[in-house]
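Here's the structure, in structure tokens; my notes come after.
Both counts, for ligands and for their atoms, begin at 1 and track the order of listing.
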Amino acid sequence: MTQQWDAGRLDSDLDGVAFDTLAVRAGQHRTPEGEHSDPLFFTSSYVFRTAADAAARFAGEVPGNVYSRYTNPTVRAFEERIAALEGAEQAVATSTGMSAILSLVMALCSAGDHVLVSQSVFGSTISLFEKYFKRFGVQVDYVPLANLAGWEQAIKPNTRLLFVESPSNPLAELVDIGALAEIAHARGALLVVDNCFSTPALQQPLKLGADIVMHSATKFIDGQGRCMGGVVAGRNEHMKEVVGFLRTAGPTLSPFNAWVFLKGLETLNLRMRAHCANAQALAEWLEQQDGVEKVHYAGLPSHPQHELAKRQMRGFGAVVSFEVKGGKEGAWRFIDATRLISITANLGDSKTTITHPATTSHGRLAPQEREAAGIRDSLIRVAVGLEDVGDLQADLARGLAAL
Ligand SMILES: *Cc1c(COP(=O)(O)O)cnc(C)c1O
């Protein structure tokens with residue numbers, strides 16, 4: 001026999017609590033078992049008391065789970081926690097960051113619609129728009145991220161979405177999210193922000209005026225390089241459409257991954273503060289080194305949009321990029337001389353990573369396209385992790401010594 005618990009006292013009262021408290025507690029609905037950690041519902045389907053109960057749940061007349069492609073309590077807990085942290089009416093979890101973009105475009109765009117994308121977005125995002133959405137009649141144009149007049153000129157009567165990443169990867173360019181939202185709204189378009197690099201701990205795009213925010217949860221939300229996942233958040237009217245696509249097409253999040261992300265979110269703000277502190281210290285140090293020609297980090301007063309960054313972000317993130325002397329050979333020698341930092345293009349991990357964008361993430365671009373995007377051969381990107389900052393600095397010093 002299971003003991004009967006007073007279920008009414010199991011949930012926490014979260015009225016008016018702060019971000020850090022929401023990150024630890026939002027979204028958990030304890031079962032009568034009284035578990036303190038988030039329960040993991042590793043089940044594909046659910047049972048019904050009676051045939052009539054099954055019919056009512058299938059018809060949506062009574063709430064409840066039917067099948068985990070539609071809803072799963074662990075996935076829902078993750079969605080509710082993200083919605084609380086982003087200040088969204090609703091969040092919808094997806095299997096990866098890319099399927100978050102797939103789902104939102106499939107849900108909100110039709111053939112003949114026009115989408116504007118910032119030039120410096122994640123490589124697979126460009127491929128998804130270029131190779132696939134265009135094939136289904138969605139028109140796509142690209143705009144330099146920071147240039148508000150350029151966005152205004154590029155909007156057409158059929159523009160449905162503006163899609164941006166701010167700060168950009170790897171050069172840490174920003175757009176004024178509030179001003180861009182006004183431009184979008186004046187022309188009847190929606191502003192979507194890929195908030196993967198900042199997480200809601202550092203930037204809350206919906207509060208700045210954006211309509212939809214999305215993440216690759218694979219990065220800082222997990223924070224420890226374990227699981228793939230994504231999430232889209234915004235108003236109910238839009239999320240209803242995303243849910244519809246997801247239930248039908250099926251790129252839903254695994255409950256196991258949702259459970260890992262719930263654990264990741266509990267330490268999100270602590271981790272992001274530590275990532276930012278390490279990144280700031282290394283960026284300031286790199287800027288003083290002879291072998292370094294330029295450092296791109298929004299936390300530096302030398303960054304052209306430092307004031308905007310201070311206004312719209314609560315921290316400047318973990319990604320620092322810099323140009324070294326000696327072109328591609330110099331950059332490769334620098335990278336190969338590190339011994340602690342991992343040579344990998346991934347980011348958002350407690351382990352610091354180093355990569356050469358011109359020959360990895362941006363290697364597909366023609367040399368003149370890379371030049372136009374500001375991705376020089378001498379550019380190195382470091383996604384700063386949570387190791388001791390002195391050890392990281394010593395490792396980067398090995399790179400400098402090899403120049
Ligand atoms: C990694 C990443 C994505 C894609 O996410 P996946 O989880 O790898 O599918 C999208 N946008 C940005 C900014 C990313 O860094």
> Is the shortest heavy-atom distance from the side chain of Val17 to the side chain of Arg25 under 4.5 Å?
Replying inline: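 Not in contact.
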
If you have a sec, work out which protein heavy atom is nearest [atom] and how many Å separate them, to one decimal?
atom                    : result
atom 9 (O) of ligand 1  : Met98 N, 2.9 Å
atom 8 (O) of ligand 1  : Met228 CE, 3.7 Å
atom 4 (C) of ligand 1  : Phe122 CE2, 3.4 Å
atom 12 (C) of ligand 1 : Asp194 OD2, 3.4 Å

>> Please report whether the ring centroid of Phe316 lies less than 6.0 Å from that of His306.
In response: yes

>> Please tell me whether His275 and Phe220 form a close aromatic pair, meaning their ring centres lie under 6.0 Å apart.
In response: yes

Side-chain donor/acceptor pairs under 3.5 Å, residues 336-344, sequence neighbours excluded:
from, atom 1, to, atom 2, distance (Å)
Thr338, OG1, Ile335, O, 2.7
Thr344, OG1, Asn346, N, 3.2

> So, is Ser216 polar-close to ligand 1, with some N/O to N/O distance under 3.5 Å?
Replying inline: yes

> Any nitrogen or oxygen of Lys219, main chain or side chain, under 3.5 Å from a nitrogen or oxygen of ligand 1?
Replying inline: yes

> Which atoms of ligand 1 have any heavy atom of Gly97 under 4.0 Å away?
Replying inline: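 In order of number, 5 (O), 6 (P), 7 (O), 9 (O).
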
> Which ligand 1 atoms, with their elements, are less than 4.0 angstrom from a heavy-atom of Glu165?
Replying inline: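 In order of numbering, the contacting atoms are 13 (C).
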
> Do Asp20 and Arg273 sit within salt-bridge range, that is, some charged N less than 4.0 Å from a carboxylate O?
Replying inline: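 Between Arg273 and Asp20 there is a salt bridge, with a charged N closer than 4.0 Å to a carboxylate O.
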
> Could you give all pairs that pass the salt bridge (Lys or Arg N to Asp or Glu O under 4.0 Å) test and reach residues 315-330, with sequence neighbours left out?
Replying inline: Glu323-Arg376

